[in-house]
Amino acid sequence: MSLQLQNTLSGKKEFFKPVNPSHVRIYACGPTVYNFAHIGNARMAVVNDLLVRVLKTQYKKVTYVSNITDIDDKIIDASKETGEDISVITSKYTEIYNNDMSALGVNLPDIQPRATDHIKEMIELIKKLIEEEKAYEKEGHVLFHVPAFENYGILSKRNRDEQIAGSRVEVAPFKKDPADFILWKPSPSPLPGWVSPWGFGRPGWHLECSVMSEKSLGLPFDIHSGGIDLVFPHHENEIAQTCSISENKHPEDFATFWFHNGFVNVEGEKMSKSIGNIRLVHELNKKYKGEVLRLTLLSAHYKQPLNWTEDIIEQNNKMIDRLYRVLLELSEVEIDSKIPSESIMESILDDLNTPKVIAKLNEEANDVSSASDERKREIKNNLLSAGKILGILENDPSSWLGYNQKNTENTEEIERLINKRNEARRSKNFNLADGIRNILKDKGIEIEDTDKGTIWRKSK
RNA sequence: GGCUCGGUGGCAGAGUGGUGAUGUAGGGGCCUGCAAAGCCUUGCACAGCGGUUCGAUUCCGCUCCGAGCCUCCA
């Protein structure tokens with residue numbers, strides 16, 4: 001049993017073979033911090049977090065790097081709009097991003113490099129590219145010359161001629177070739193910038209990831225990942241930058257696996273500012289528990305598009321509640337193993353087939369009612385150990401389900417009403433009993449009469 | 001126009017050359033004073049048309065429909 005992943009570079013599912021099995025290295029292109037993260041950003045973070053968790057079940061040492069882009073025209077625009085300093089904006093939204101992702105059970109990357117800390121290295125890379133005649137300076141800009149890199153388009157499987165034919169890009173007059181892209185551009189005052197051999201300016205977007213991934217992981221590393229939309233142009237341009245110097249001619253000399261997650265659509269449409277259907281993680285976190293959102297993000301295979309609706313969040317909420325109910329039922333059961341069954345592990349390792357894993361967890365849950373003690377141990381172990389890899393089922397079942405929460409302000413009143421209702425039931429005054437139940441219901445308290453007495457929980 | 005990926009039951013979503021995915025919703029039943037929770041049970045689902053095959057939702061071809069990318073994008 002070993003890990004297989006869809007490799008964008010080959011277009012196929014392949015067995016994962018690390019460059020160095022004693023140290024697996026992965027780089028994910030992270031967010032540009034100028035606004036709250038949306039659920040699409042979260043999908044990338046959750047999927048890569050999952051991938052790292054899975055890698056850690058297979059390899060002793062895994063280093064996960066994911067950057068913060070803290071210099072970009074969008075940040076400059078945000079600064080103009082709000083009047084806040086750029087550094088204020090970027091540190092604010094970096095913190096919010098990390099907190100929002102943490103609520104979804106996303107662990108911090110081992111290294112979270114920032115673009116502005118790597119300007120020197122970017123300038124060095126540009127110098128090399130110019131020396132090797134892969135880039136040229138014109139009117140204060142430095143551009144990468146795409147025809148100078150023969151493997152351009154190999155990742156996105158794009159043919160240059162077709163690309164130009166269908167192109168809707170405005171071709172700047174200083175470009176030698178329409179496909180050439182910016183490595184460095186001038187920053188006229190008051191725009192932020194750095195001193196460089198080509199004047200005061202700032203880097204192009206793609207440069208930072210070439211520089212930071214190499215610096216933090218060394219080349220070649222194992223997995224370079226991001227959202228599917230990054231395949232072109234971002235990753236293609238990174239490859240062009242990194243692979244046109246020295247001996248790194250092929251994307252595999254950069255990273256052996258190129259891993260991309262699909263988009264999140266909202267109510268059937270692409271999220272976009274103009275439609276106004278952006279779903280911010282920050283807002284969703286106020287309404288739903290992090291594990292529910294995480295499970296919903298994992299409810300479709302990572303490379304499929306995911307249609308984000310209220311309905312599927314609710315469906316997944318109910319599903320996870322039920323799994324917690326099973327765990328509650330098994331709370332007395334002792335487990336010894338910490339590894340999921342082979343069948344479950346197989347689905348996880350099969351290109352992170354989370355929907356199948358979730359189906360198998362449900363099958364486990366279905367067995368509980370007729371399970372032997374031995375089987376119960378197995379079920380609990382599978383739920384908890386697979387849950388740990390998926391990043392779900394990590395809460396206390398009783399408090400997740402809202403049972404008998406002692407810290408609720410009106411606990412005394414609730415219990416007084418329950419006692420009163422039970423008295424009414426004993427004297428067969430069912431009208432009164434049902435009346436009291438409705439009063440509790442209005443207070444958001446659901447009651448359940450069990451053979452051990454009446455228990456209550458918060459209904460929401 | 002070019003490239004890529006899809007169309008599975010009310011909804012979500014895996015998968016497979018020949019048995020049931022799974023969840024959620026709905027139906028029926030058990031339990032309960034009634035509920036809740038739980039349990040049992042229930043669904044002529046694989047876009048259409050051809051082809052290959054003993055057999056196709058699964059393989060091949062065509063048609064129709066949808067999505068993404070084509071230099072802002074997770």
## Note on the structure
Applying side-chain hydrogen bond (donor to acceptor under 3.5 Å, both in side chains) to A:Arg322 and not counting sequence neighbours gives A:Asn362, A:Asn366

Taking any strand in view, what nucleotide pairs with [N] in a Watson-Crick or G-U wobble way, both distances under 3.5 Å?
N      : result
B:rG55 : none
B:rG1  : B:rC70
B:rC11 : B:rG23
B:rC34 : none
B:rA47 : B:rU63

For [N] and [M], measure between their [atom1] atoms and round to the nearest Å.
N      : M      : atom1 : answer
B:rG43 : B:rG28 : P     : 15 Å
B:rU63 : B:rC44 : P     : 34 Å
B:rC3  : B:rU42 : P     : 49 Å
B:rA47 : B:rU41 : C1'   : 32 Å
B:rG51 : B:rG17 : C1'   : 15 Å
B:rC11 : B:rG29 : C1'   : 25 Å
B:rG23 : B:rA14 : P     : 16 Å
B:rC64 : B:rG10 : C1'   : 24 Å

Nearest-angstrom distance from the residue atom [atom1] of [X] to [atom2] of [N]:
X        : N      : atom1 : atom2 : answer
A:Ile182 : B:rU71 : CD1   : P     : 15 Å
A:Asn362 : B:rG23 : CG    : P     : 5 Å
A:Ile418 : B:rA36 : CD1   : P     : 17 Å
A:Asn67  : B:rA74 : CG    : P     : 11 Å
A:His234 : B:rC69 : NE2   : C1'   : 15 Å
A:Leu393 : B:rG23 : CG    : C1'   : 14 Å
A:Leu230 : B:rU71 : CG    : C1'   : 13 Å
A:Ile344 : B:rU22 : CD1   : P     : 15 Å

### Message
Would you compute the distance between atom CG of A:Leu9 and atom NE2 of A:His250 and round it to the nearest 0.5 angstrom?
### Response
5.5 Å

Look at the side chain of [X] and decide which nucleotide, out of [options], has an atom nearest to it.
X        : options                : answer
A:Phe181 : B:rG23, B:rC40, B:rU71 : B:rU71
A:Ser369 : B:rC40, B:rA25, B:rA74 : B:rC40
A:Phe232 : B:rG23, B:rC40, B:rU71 : B:rU71

### Task
Classify the nucleic acid contact of A:Gly40 as base, sugar-phosphate or nothing, counting any heavy atom under 4.0 Å across all strands shown.
base

### Task
Under 4.0 Å between any heavy atoms, over every strand shown, what does A:Val264 touch: base, sugar-phosphate, or nothing? Just pick one.
base

### Any donor-acceptor N/O pair, A:Asn382 side chain to A:Ser341 backbone, under 3.5 Å
yes

### Message
Tell me if a side-chain donor or acceptor on A:Lys376 pairs with a main-chain N or O of A:Val333 at a distance below 3.5 Å.
### Response
no

Compile the donor-acceptor pairs under 3.5 Å between side chains in residues 223-231 of chain A and protein atoms, sequence neighbours left out, one pair per line.
residue: A:His224; atom: NE2; partner: A:Glu238; partner atom: OE1; Å: 3.0
residue: A:Ser225; atom: OG; partner: A:Asn48; partner atom: OD1; Å: 2.5

### Task
Determine: side-chain N/O of A:Arg457 to OP1/OP2 of B:rA36, distance under 4.0 Å, yes or no.
no

### Task
Report yes if at least one side-chain N or O of A:Lys157 is closer than 4.0 Å to OP1 or OP2 of B:rC69; otherwise report no.
no

### Set of ring-ring contact (aromatic ring centres under 6.0 Å, His included) partners for A:Tyr93, sequence neighbours left out
A:Phe36

## Note on the structure
Hits for ring-ring contact (aromatic ring centres under 6.0 Å, His included) against A:His145, two or more places apart or cross-chain, chain-then-number order -> A:Tyr136

### Message
By nearest heavy atom, map A:Lys74 and A:Thr309 onto RNA chain B; which one lands nearer the 5' end?
### Response
A:Thr309

### Task
Take A:Ser156 and A:Gly262, find for each the nucleotide of RNA chain B with the closest heavy atom, and name the residue whose nucleotide sits nearer the 5' end.
A:Ser156

### Summary
Contacts of A:Arg294 meeting salt bridge (Lys or Arg N to Asp or Glu O under 4.0 Å) (sequence neighbours excluded), chain-then-number -> A:Asp49

Under a plain distance cut-off of 3.5 Å, with no hydrogens placed, do [Y] and [X] share a side-chain donor-acceptor pair?
X        : Y        : answer
A:Tyr403 : A:Glu448 : yes
A:Thr454 : A:Asn422 : yes
A:Asn419 : A:Arg416 : no

With sequence neighbours left out, which residue pairs that include part of [range] fulfil the side-chain hydrogen bond (donor to acceptor under 3.5 Å, both in side chains) condition?
range                       : answer
residues 96-105 of chain A  : A:Asn98-A:Gln112, A:Asp100-A:His282
residues 201-212 of chain A : A:Asn67-A:Glu208, A:Thr69-A:Glu208, A:Asp73-A:Arg202, A:Ser187-A:Arg202, A:His206-A:His234, A:His206-A:Asn237, A:Ser210-A:Gln241, A:Ser210-A:Thr242
residues 29-38 of chain A   : A:His38-A:Asn41

### Query
In residues 136-144 of chain A, which ones come under 4.0 Å of RNA chain B, going by heavy atoms?
none

### Task
Using heavy atoms and a sub-4.0 Å distance, could you list which residues of residues 42-54 of chain A are near RNA chain B? By number, please.
none

### Task
Quick one, give me the B/S/- string for nucleotides 27-35 of chain B, reading 5' to 3', where B means a protein heavy atom under 4.0 Å from the base and S means that only happens at the primed atoms, P, OP1 or OP2.
------BBB

### Message
Walk along nucleotides 13-21 of chain B from 5' to 3' and tag each nucleotide B, S or - by protein heavy-atom contact under 4.0 Å, base first, then sugar-phosphate.
### Response
SSS----BB

### Task
Using the six-membered ring wherever Trp is involved, compare the ring planes of A:Trp258 and A:Phe254 and label them parallel, tilted or perpendicular (cut-offs 30° and 60°).
perpendicular

#### Entry: Member of A:Asn107, A:Leu390, A:Ile348 meeting the side chain to side chain contact (heavy atoms under 4.5 Å, CB included) criterion with A:Arg53
A:Asn107

### Task
Give a yes or no on whether A:Lys303 atom NZ has more than 12 heavy-atom contacts from other residues, nucleotides or ligands under 6.0 Å away.
yes

